[in-house]
Amino acid sequence: MTTTTTSPSALDAVAVVESIADLVRENYVFPDVARQLADLLRSRSAEGSYRAESAEELAEAVTADLQSVNGDLHLGLKHHAVPVPAERGAAALAAMRRDFDASLGGVPRVELLDGGVAVLEIAPLLFPLDWAAQPLAAALSLVAPARALVLDLRGNVGGDPDTVAFVCGYLLEGRTLLNTMVSRQGEEAAQSWTPPFVPGARFGGSKPLYVLTSGKTFSGGEELAYDLQQLGRAEVVGEATRGGAHPREGWTVHPHLELSVPVARAVNPVSGTNWEGTGVQPDVPCDAAAALDRALSLAVARLA
């Protein structure tokens with residue numbers, strides 16, 4: 001399959017990079033780093049570093065520079081082969097919608113194994129709650145009677161914090177604070193709580209719960225694992241995750257280019273910090289490929 005790119009003649013890289021520098025400086029969660037990055041982009045552009053790039057190559061070069069200061073994996077320029085809408089945030093939603101339709105709404109696997117242990121996979125994303133509430137409610141209600149639950153997030157690469165809170169509502173007792181979002185001005189921007197009501201049956205807050213992770217697990221997938229781990233609700237089994245904790249927003253800066261900028265940081269009420277740069281560290285480290293078998297053995301032993 002041929003990947004569609006924009007030719008250099010159709011791409012004003014200098015203008016695109018200038019707009020990126022402005023957006024980063026005005027919106028990135030850490031103002032000091034934001035100014036440093038904006039200066040870096042403008043310096044690199046003045047040197048001619050971006051002039052001859054295609055849209056796809058420009059995305060790679062700019063992302064490398066954006067992540068060169070503090071390694072923030074949510075900060076970057078993403079290339080879209082298909083032209084994306086100009087509205088703020090629309091590029092990410094368009095890509096998510098294609099994944100949603102191809103993954104049974106983000107719940108590709110629900111299975112009951114021997115001994116009453118259920119496996120629920122949520123992948124590739126925790127989709128926006130107004131899309132995902134119905135399939136997630138159906139899947140979580142279906143596994144509610146299980147004696148133990150394995151939540152497979154090994155292939156989950158992010159998603160909506162509201163959807164994380166929705167899932168946690170089935171796995172915790174009572175309304176629970178999950179995270180506080182802090183703005184770039186250092187002010188409390190919002191709090192994330194489990195909802196007071198979820199449709200269907202709850203698995204509850206006491207039966208054995210295991211969360212599987214891999215080196216691919218990222219962003220919203222990491223938040224779900226981290227929240228349940230820090231609250232002492234679940235054991236995390238598998239590999240350390242990628243380490244991206246900052247909620248981000250997206251701007252279309254060219255028909256094929258979306259700028260992703262973190263605009264806040266999460267503060268967990270238990271740890272007082274988050275998983276940015278470190279990843280979620282497993283309670284039971286093992287290769288991701290072996291994580292399901294390891295979790296099942298732990299569940300069987302605990303139930304016995």
Side-chain angles (χ1 to χ4, degrees), residues 1-8 10-30 33-34 37-38 40-41 44-45 49-50 52-103 106 123-128 155-161 215-223 241-264 276-277:
M1 183 175 70
T2 302
T3 300
T4 301
T5 58
T6 304
S7 66
L11 174 67
D12 186 347
V14 173
V16 170
V17 172
E18 182 64 25
S19 69
I20 291 169
D22 285 341
L23 287 166
V24 170
R25 186 182 180 95
E26 294 167 6
N27 295 282
Y28 185 53
V29 61
F30 301 117
V33 177
L37 287 170
L40 173 63
L41 291 176
R44 294 269 290 148
S45 182
S49 300
Y50 306 128
E53 310 291 352
S54 69
E56 188 169 13
E57 292 166 337
L58 180 64
E60 294 174 359
V62 169
T63 296
D65 286 340
L66 287 172
Q67 295 180 2
S68 67
V69 174
N70 65 350
D72 191 329
L73 297 178
H74 274 114
L75 181 61
L77 186 62
K78 183 175 181 180
H79 174 259
H80 294 267
V82 179
V84 292
E87 294 80 8
R88 183 168 165 180
L93 284 175
M96 280 186 185
R97 190 73 218 189
R98 292 189 291 272
D99 288 337
F100 179 83
D101 292 338
S103 63
L125 292 163
L126 289 139
F127 292 101
N156 193 294
V157 296
D160 189 338
K216 181 181 178 181
T217 309
F218 187 57
S219 191
E222 293 179 284
E223 182 193 346
T241 61
R242 287 184 66 196
H246 298 145
R248 45 80 65 193
E249 292 190 12
W251 285 264
T252 297
V253 294
H254 175 274
H256 290 273
L257 296 171
E258 175 199 8
L259 176 66
S260 172
V261 181
V263 295
E276 176 69 27

Min side-chain heavy-atom separation Val69-Leu37 under 4.5 Å
yes
Nearest heavy-atom approach of Val157 to Ser219 is O-CB, 4.0 Å
Taking the side chain as every heavy atom from C-beta outward, state whether Leu125 and Asp160 have any atom pair closer than 4.5 Å.
no
Measure from the ring center of Phe30 to the ring center of His246 and say whether it is less than 6.0 Å.
yes
Output, in order, the C-alpha distance, side-chain angles, deciding distance and verdict of side-chain contact (heavy atoms from CB on, under 4.5 Å) for Phe127 and Asp99.
CA-CA 9 Å; Phe127 292 101; Asp99 288 337; 3.8 Å; yes
Taking the side chain as everything from C-beta on, heavy atoms only, tell me whether Tyr50 gets closer than 4.5 Å to Ile20.
no
Is a side-chain donor or acceptor of Ser260 paired with a backbone partner of His74 at a separation under 3.5 angstrom?
yes
Compare all side-chain heavy atoms of Phe218 with those of Leu73 and state whether any distance is below 4.5 angstrom.
yes
Between His256 and Ala81, is there a donor-acceptor pair closer than 3.5 Å when you use the side chain of the first and the backbone of the second?
yes
Nearest heavy-atom approach of Leu126 to Gly221 is CD1-N, 3.9 Å
Nearest heavy-atom contact between Pro85 and Ala94 is CD-CB, 4.4 Å
NZ/NE/NH1/NH2 to OD/OE distance under 4.0 Å, Arg25 and Glu18:
no
Beyond-backbone contact of Leu259 with Val62, side-chain heavy atoms, under 4.5 angstrom
no
So Tyr28 and Asn70, do their side chains get closer than 4.5 Å, heavy atoms only?
yes
Distance col, row Leu93:CG vs Glu87:CD, nearest 0.5 angstrom, shows 10.5 Å
Any donor and acceptor pair, going by atom type alone, linking the side chain of Glu60 with main-chain N or O of Glu57 inside 3.5 Å?
no
To the closest 0.5 Å, what do you measure between CG (Leu257) and CH2 (Trp251)?
15.5 Å
Would you find a donor on one side and an acceptor on the other, under 3.5 Å apart, between the side chain of Ser45 and the backbone of Leu41?
no
Where is the tightest heavy-atom contact between Glu222 and Gly244, given as atom of each residue plus distance?
OE1-N, 2.9 Å
Using every non-hydrogen atom in the two residues, find where Ala55 and His254 come nearest and quote the distance to one decimal.
CB-CE1, 4.3 Å
Side-chain donor or acceptor of Glu249 paired with backbone N/O of Pro262 under 3.5 Å:
no
Pair Glu276-Asp72, side-chain contact (heavy atoms from CB on, under 4.5 Å): steps then yes or no
CA-CA 8 Å; Glu276 176 69 27; Asp72 191 329; 3.9 Å; yes
Approximate separation, where rounding is to 0.5 Å, of Asn156 CG and Thr217 OG1
7.0 Å
Would you say the side-chain atoms of Thr63 pair up with the backbone N or O of Leu77, donor to acceptor, closer than 3.5 Å?
yes
Does His80 reach the main-chain N or O of Val82 with its side chain, forming a donor-acceptor pair under 3.5 Å?
no
Tell me the closest heavy-atom pair linking Met96 and Pro128, and the distance in Å.
SD-CD, 3.7 Å
With heavy-atom distances below 4.5 Å as the criterion, would you say the side chains of Val84 and Pro255 are in contact?
no
